[in-house]
K.L.:
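Below is a structure I'd like to ask you about.
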Amino acid sequence: MAQPVGVSLVLGLLLLFFLPLQRNAAPYDPTWESLDSRPLPTWFDEVKFGIFIHWGLFSVPSFGSEWFWWYWQKEKRESYIKFMETNYPPGFSYGDFGPLFTAEFFDADQWADILKSSGAKYVVLTSKHHEGFTMWGSKYSWSWNAVDVGPKRDIVAELASSIRNRTGLRFGLYHSLFEWFNPLFLSDASSAFRTKQFPNAKSLPELYEIVNRYQPEILWSDGDGYAPDTYWNSTGFLAWLYNESPVRDTVVTNDRWGAGSICKHGGYYTCSDRYNPGHLLPHKWENCMTIDKKSWGYRRNARLSDYLTIEELVKQLVETVSCGGNFLMNIGPTHDGRIPVIFEERLMQMGKWLSVNGEAIFSTKPWRAQNDSVTPGVWYTFKPKENVVFAIFLNWPSSGILMLGEPKGIAEMTEVQMIGYGEPLKWIPLGEKGMVVAIPPLPFSKLPCEWGWTLQLTNVN
Ligand SMILES: *[C@@H]1O[C@H](CO)[C@@H](O)[C@H](O)[C@H]1NC(C)=O
Ligand SMILES: *[C@@H]1O[C@H](CO)[C@@H](O)[C@H](O)[C@H]1NC(C)=O
């Protein structure tokens with residue numbers, strides 16, 4: 001029977017309307033080829049600076065490193081064995097640190113305010129490190145989580161809610177795939193990962209749980225335990241994350257999803273801890289590093305010289321952003337829930353520097369040159385729409401003259417300002433050799449900031 005024209009028209013229009021929707025419903029297949037084609041949500045490149053937080057049971061001994069359990073029980077390092085013998089009763093196990101993780105000073109609102117004061121735009125908390133202790137009340141980590149043991153509080157929930165309610169910062173979660181001593185993981189490992197008891201019973205249900213409950217906008221995966229991504233079912237999980245999860249439109253992931261995936265697959269690249277290549281990469285990347293040069297978790301035995309200075313941190317931030325990276329700077333809170341004041345001070349200093357120079361950092365793009373070819377310690381960022389090049393110089397020129405070999409000033413066109421100073425600066429073109437900028441001999445009280453200064457160059461070639 002022939003359909004009346006009107007009906008087929010309506011049907012056709014309906015089809016036109018729904019077809020694209022259907023096609024978009026599951027745009028990603030569980031293959032790296034498909035998943036790697038997902039454009040990184042644009043917010044991530046704009047925010048540039050985040051704070052990493054390593055907090056867990058390792059914060060109780062707070063000795064040596066967050067790898068405490070491994071170094072003590074597996075590698076049997078002498079300093080760790082001696083530390084335990086000297087300070088804890090015989091037979092004391094790692095699990096006995098659980099009740100000592102008290103967090104009595106943990107005030108998520110206060111943390112949120114401190115984190116915000118750093119100028120950072122995102123936060124990544126260790127929801128579970130390689131020890132396996134979950135900082136939320138996981139159904140899959142019976143009696144080995146912060147709600148059952150220790151603080152008896154859902155740390156992830158409290159921090160997520162304070163960050164979201166008090167600050168405009170994005171909230172992300174670190175999650176370790178493997179667990180050093182989990183019997184299921186060890187059993188799988190002994191079958192060369194042919195069995196998948198651990199991912200099926202633990203890591204995958206946990207990942208779905210944290211995404212559905214806390215809706216992290218960054219999923220910072222780590223700890224593949226030398227197992228391939230097929231063991232972890234990473235592509236299956238990521239296809240769900242990108243297609244169906246509650247954060248599918250905004251979530252950003254890193255590249256640590258199984259042996260061999262780092263610097264190759266996933267969202268942005270981390271490549272290695274403290275990665276700072278010094279040149280532009282064709283793929284979005286992040287420099288994750290820690291203020292304590294020797295540890296990510298808090299160490300009571302740290303010396304002042306173990307902490308990076310604010311000059312070193314500003315340098316890292318500037319180099320990273322110039323080369324197209326994001327800077328993820330780590331702090332280690334204490335077992336009783338404090339952000340040690342040395343970290344608080346560094347955070348406030350970063351905030352102070354960014355309150356002057358933030359426009360040369362946030363929402364910028366890499367320029368054609370990342371650093372200057374003549375003067376060391378000058379790094380460039382770019383705002384294409386405004387046609388502004390920022391030259392951040394980390395050494396104040398005592399000569400009063402800053403040689404720039406990369407930007408070519410144009411007479412009567414180019415304008416040079418120092419951010420926070422107010423008056424335009426004098427400069428001379430050197431043709432193909434660049435330009436010379438006169439830096440005024442400012443008294444200390446007139447300096448816009450310390451640690452690094454920004455020239456704003458409008459209309460240069
Ligand atoms: C593993 O990924 C596949 C898709 O590749 C999915 O169908 C399956 O449910 C996943 N398994 C688990 C336990 O998540
Ligand atoms: C620019 O940076 C690269 C990478 O850090 C470095 O090797 C080079 O020496 C720098 N150039 C100058 C003039 O400092």
Side-chain angles (χ1 to χ4, degrees), residues 45 48-50 52 255 262-264 268-291 293 307-330 346 350 353-354 357-362 364-384 388-409 414 416 418-419 425 427-439 449-457 460-461:
D45 180 52
K48 305 295 185 192
F49 176 39
F52 215 171
D255 55 352
I262 195 165
C263 224
K264 192 165 165 204
Y268 64 79
Y269 292 170
T270 63
C271 299
S272 60
D273 292 357
R274 303 176 183 81
Y275 186 63
N276 183 10
H279 57 82
L280 191 60
L281 291 196
H283 194 278
K284 185 67 197 179
W285 62 280
E286 181 184 62
N287 173 3
C288 65
M289 49 72 70
T290 174
I291 299 176
K293 289 179 250 182
Y307 296 104
L308 291 173
T309 62
I310 185 60
E311 286 83 357
E312 291 167 316
L313 293 170
V314 167
K315 179 171 184 281
Q316 286 276 322
L317 169 75
V318 167
E319 289 174 356
T320 300
V321 172
S322 296
C323 295
N326 275 21
F327 186 57
L328 184 62
M329 186 176 91
N330 177 72
R346 292 294 179 272
M350 287 298 266
W353 190 82
L354 282 166
N357 302 283
E359 62 184 289
I361 297 291
F362 302 118
T364 59
K365 299 283 174 200
W367 192 42
R368 62 170 166 77
Q370 278 60 64
N371 59 343
D372 197 63
S373 43
V374 175
T375 304
V378 178
W379 293 85
Y380 294 106
T381 62
F382 184 36
K383 285 200 171 147
V388 168
V389 173
F390 297 102
I392 306 171
F393 57 105
L394 300 170
N395 309 304
W396 186 268
S398 48
S399 64
I401 276 177
L402 192 66
M403 274 280 307
L404 298 177
E406 284 299 327
K408 319 288 189 271
T414 297
V416 181
M418 179 160 59
I419 295 184
L425 302 191
W427 63 277
I428 307 167
L430 294 182
E432 280 311 294
K433 291 219 169 81
M435 57 200 284
V436 176
V437 179
I439 306 293
C449 57
E450 298 171 70
W451 317 311
W453 305 267
T454 303
L455 294 183
Q456 176 180 306
L457 313 170
V460 284
N461 281 329

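Numbering of ligands and ligand atoms starts at 1, following listing order.
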K.L.:
Apply side chain to side chain donor-acceptor pair (under 3.5 Å) to residues E312 and T309 and explain how you reach the verdict.
P.N.:
CA-CA 5 Å; E312 291 167 316; T309 62; 3.2 Å; yes
K.L.:
Using 30° and 60° as the class limits, which term best fits the ring planes of F327 and F49: parallel, tilted or perpendicular?
P.N.:
parallel
K.L.:
Kindly tell me which protein residues have any non-hydrogen atom under 4.0 angstrom away from an atom of ligand 2, grouped by chain and ordered by number?
P.N.:
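Those residues closer than 4.0 Å to ligand 2 by some heavy atom are G278, N371, D372, S373, P376, W379.
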K.L.:
With C449, which residues qualify under disulfide (SG to SG under 2.5 Å), at least two apart?
P.N.:
none
K.L.:
Report the residues that fulfil ring pair (Phe, Tyr, Trp, His ring centres under 6.0 Å) with Y380, sequence neighbours left out, ordered by chain and then residue number.
P.N.:
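So Y380 forms a ring pair (Phe, Tyr, Trp, His ring centres under 6.0 Å) with W367.
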K.L.:
With K433, which residues qualify under salt bridge (Lys or Arg N to Asp or Glu O under 4.0 Å), at least two apart?
P.N.:
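Partners of K433 under the salt bridge (Lys or Arg N to Asp or Glu O under 4.0 Å) test: none.
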K.L.:
Nearest 0.5 angstrom please: K48 NZ to L354 CG, how far?
P.N.:
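Separation between the atoms: 12.5 Å.
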